[in-house]
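Sequence positions, counted from 1, serve as the residue numbers for this chain. Keep in mind that this is a model prediction, so the values were computed, not measured.
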Amino acid sequence: MSEISPQTNPEAGSVAGIDKTVFRHGAAIFSILLIVYLATMPITVALEDDGLFALSSYEPGISHPPGYPLHTIIGYGFSKIPLGSVAARIHAVSAFFGALTCMLVFLLIDRLIACRSMAYLGALSYGLSLRFWSQSIIAEVYTLNTFFFFLLFYLCLCFMEDKGATEKRKWFIGTPGWLLGSIAFIYGLSFTNHWPLMVLSTPALLVLLWPKRNEVLAALGFCMALAIMGLAPYLWMFFYSQTDPYISFYGPLENLSELWFYISRQGYSSVDNSVSANLNDNIQYIGFFLRESTIQYGIVAFGLSCIGAWAQFKYLRNETAIALILAFLGNSVLLALLLGFDYELIFQSAFRVYPLIAYGVMSIWLALGAYWLTGYLYQRASISVPELKLRYLFTMAVVTLIFIKNLPANYRHDYVWAEAYAEFILSNLKRDAVLIAHDDVAMGTVGYLNWVKKIRPDISLFNKFGLLLGNRLYSPLDDSAETGKQNILAFIKASQRPVYYLNELDSGYGYKSYLFYYEVNKSSPPGSVEIILSQDNLNFLIALVNQKQARDSWTEIYRILLLETIVPEISTALANSETGQVSDTLKDILVESLRLFNCQLARIKWLMRRSDEADAAEIEQLLGDAELNLHDALRKSDVAEFYQQRAQWYLRQEMLEPAFESYQTSIDSWFHPENQSVNEVLKLYKLHGRSKQFDELIAHMNARL
C-alpha cells in the first residue's frame, strides 16, 4: 500500500515547498530534549570512553581507532565555549547531536504518516529511551552516528519523493541533483565518525534509493567524488598526528599504511575477534539485544513497536518498510552475528549501546503502532474524545511513563565517582612522581584531572603500552612488546623520581602496596611487597565497599575490579597483622567484599597459594558460595579460573575424576590458549596414561586455534 499523503492529514503542515510549521515543532523537540540532557548529564568526567574523548577534544588530540576525527574537531570547538567544565562542554556535544537526531526522527515520522502527535511520540520516546539517553549525556560518538544515519535516511526519503526526480539535473542548490550530492558528501563524512556502524546501516539506504537507481548510477562518479571529499577529516588526522600532540593514540602516522592500520582498527583485532568466542556467544548476544529492546521504552511501548513493525506495510511504501527492517537488523542481529566478542559482562556493557539506530527504528515503529491502535480504538470503540485529542493524550501518557522509568538510571548530574577516584589517586602520590597505567578508566579519569584540570601538574602520567600519550616510552607501531618492556625497565631504573603504577607491572624491583596504587621500591628485591594502610586509603576502601550497586554498569564493573584486586592485599595484611582496630576494619571490609563472585575467587586463589590445612573449611565454603554466584562473573576467564581452582582442590583431596571434570568444564567455559587448565589437564593425562584424551584435546585445540 502506498504511503499516506501528508496533505490528507489535518495535523500536517503544507508540503508544497517548505513546511515551516513542522520545523517549528522539530525545534521544540530539539529544545525539550537538549534541556533534559543538559540537566541530567555529569558535569565532570565519567567512565566508558568519556575521559578519553574529553582528552582528545581538549587539545585536540588523536582518539583511539578509528580516530573519530570529526568528533574530535567538533568537540574541540565545544571545549572553547566559556561555560561549565571542559567535561560538561564535551558532554554537550552528545547532547546536541542526540537532540538533533530526535528532531530528525520527528521530521521523518511526520513525513511518513503526516501525524504530528505520533511524530512527537516517536521522537520523544527515542530521546528518553534508556540507552539513547545514556549516550546523550557523556562524551561518546554514538549520537553523532545516529544523527548521520537519520539525516541520510530523511534526505534519501526526500529525494525519492521529489516529483521531478526523473528530469535532467543541474548540480546547484535547490535541485534534486544538489540533494543527491549532499547525500553523497554527508555519507562520506559519516565514515569519519563510527564507520563500522555506518557500513551496517548502508543496505537500508541503498534499498531506499533503489527505485531511482538509474538516476543514482548516472551521477555515481560525481557522488563518489563528493563522498571522498567527506573523508577529509581523516586527512586532517593524518597530518595532525605528525605534529605529535600530547594526546595521540599511536603517535605520528608516518605513511598511508599506518593510516589504514589505524582507520581499519587492525590493532583491535584480538578484541573484536576473540579466539574463545563462538556461535553460542553470538546467539547469546542476540538474546541479550532482545531483552535490551524490551527495556528501552517499557513493555507496553515495546508491544506497540511490534505492532508498528507489522503496520508499516500498511502505511509505508514497501521499500521504506524494508529499509527500516534492514536498519534494525543490521544494527542488532547482524551486528551480534559479526562480532567476535566473548559473551561476558564487560563486553555486554560495550555492546548494549551499539544498537542505537535499531532503537531509533523501534521508535518509528512505536509511532506507527500507536497510530494504528488509536485509529482502531477510535473507529471500533465508543470514544467521545476527538481522534486528534486522543492521540495527543496517548502521546503524553506514554512519553511521561518512559521519562519516569528511565530518569533514575540517567540522572547523573550528581555523578562524581570517576573524578573522586582519580583525585584520590593523584592526591596521595609523592611530589614529582611518575605514574604508569594502561587501562582506559585510569588513563581517561586520571589523565583528565592531571592534564585538563591541572590537578597535580607535577606528576607525569605514562601509558604502559605506549598508547594515547605523546610522552610514550616506545612506539606500539614500530617496537615489539619485548622492546617496550625493556624500555620501561630502563626508564624505571634510571628515574630519580618516585615511580608508581596502577596496574600490574614488572618493574624489576619490589613494591609498596597502598591497595589502590603501588610504588616501586628499589631497595627491595623483585616480588617483595610491603603493604601500607593509610587512613585515607582505608576511608576510600570503606566508601567503595559500602557503595553497593552503582547506577551505571561501567562504574559497577570498575568498582568490582578494584575490590577484586584489593582482596589479596587485604588477606595478606590480615595474615601479617596483629589484632587491633585496623585489623577489625579490614575484616569487615573483607566480609562485605566476599559477597561478590570475583572477590570470592580472589580469596580462593589466595588461600590455595598458602597451602595451609587450617584454611580447608573456608575454601570449601567459598567454592560453594562462588558456584552459586557464577552468573555474576565479569569475564569468561573468571569462570574458567573458578573451575581450575576447584579442580586443584579436588586433587588435594585425591579426588581424581572430579578434578578431571572440573578441568574440562574450565576449558569448555573459556576455550583459550591462556587458560591454564589446558596445560594442567594435559599433564594429568600424561601422568595417568590417558593418551587418547591427551591426543583428542591437542587435536581439538589445534582445530580451534
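Annotation: side chain of Asn487 is not in contact with side chain of Phe491 (no heavy-atom distance under 4.5 Å). Pro42 places a side-chain heavy atom less than 4.5 Å from the side chain of Ile137. Side-chain contact between Leu469 and Phe462: absent, with no pair of heavy atoms (C-beta onward) separated by less than 4.5 Å. Counting heavy atoms from C-beta on, the side chains of Tyr415 and Thr555 come closer than 4.5 Å.
Relative orientation of the Tyr250 and Phe261 rings is tilted, given thresholds of 30° and 60° on the angle between their planes. Using cut-offs of 30° and 60° on the angle between ring planes, the pair Phe351 and Tyr354 is perpendicular. The aromatic rings of His194 and Tyr142 sit tilted relative to each other, their planes meeting at an angle between 30° and 60°. Using a 30° and 60° split on the angle between ring planes, Phe540 and Tyr421 fall in the tilted class, from 30° to 60°.
The two atoms that bring Ser248 and Pro245 nearest to each other are CB-O, 3.7 Å, heavy atoms only. Closest of all the heavy-atom pairs between Leu590 and Ser571 is CD1-OG, 4.3 Å. Of all heavy-atom pairs spanning Tyr448 and Ala87, the tightest one is OH-N, 3.0 Å. Scanning both residues, Ala277 and Asp342, for their nearest heavy atoms gives N-OD1, 3.2 Å. The minimum heavy-atom distance between Val639 and Ala633, with the atom names listed, is CG2-CB, 3.7 Å. Taking both residues in full, the closest heavy atoms of Ala418 and Thr445 are given as CB-CG2, 3.6 Å, listed atom of the first, atom of the second, then distance.
Side-chain N/O atoms of Ser460 and Arg497 include a donor and acceptor closer than 3.5 Å. Counting only N and O atoms by type, the side chains of Ser241 and Tyr262 include no donor and acceptor under 3.5 Å apart.
In this structure, Lys453 contributes its side chain and Asn450 its backbone to no donor-acceptor pair below 3.5 Å.
Not counting sequence neighbours, Tyr411 has no partner by the ring-ring contact (aromatic ring centres under 6.0 Å, His included) test. For Lys493, there are no salt bridge (Lys or Arg N to Asp or Glu O under 4.0 Å) partners two or more places apart in sequence or in a different chain.
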Side-chain donor-acceptor pairs under 3.5 Å in residues 65-79, sequence neighbours left out?
| from | atom 1 | to | atom 2 | distance (Å) |
| --- | --- | --- | --- | --- |
| His71 | NE2 | Glu140 | O | 3.1 |
| Thr72 | OG1 | Tyr68 | O | 3.2 |
| Ser79 | OG | Tyr76 | O | 2.6 |

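Taking a cutoff of 4.0 Å between a charged side-chain nitrogen and a carboxylate oxygen, Glu641 and Arg635 do not qualify as a salt bridge.
Judged as a side-chain hydrogen bond (donor to acceptor under 3.5 Å, both in side chains), the pairs with a partner in residues 40-62 (not counting sequence neighbours) are, in order, Thr40-Trp133, Thr44-Glu419, Glu48-Gln135, Asp49-His64, Asp50-His91. Pairs passing the salt bridge (charged side-chain N to carboxylate O under 4.0 Å, His left out) check and including a residue from residues 474-486, sequence neighbours excluded, read Lys485-Asp506. For the salt bridge (charged side-chain N to carboxylate O under 4.0 Å, His left out) condition, the pairs that include at least one residue of residues 247-265, sequence neighbours left out, are Arg265-Asp272.
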Step by step, would you call Asn145 with Ser190 a side-chain contact (heavy atoms from CB on, under 4.5 Å)?
CA-CA 7 Å; Asn145 182 68; Ser190 72; over 6 Å; no

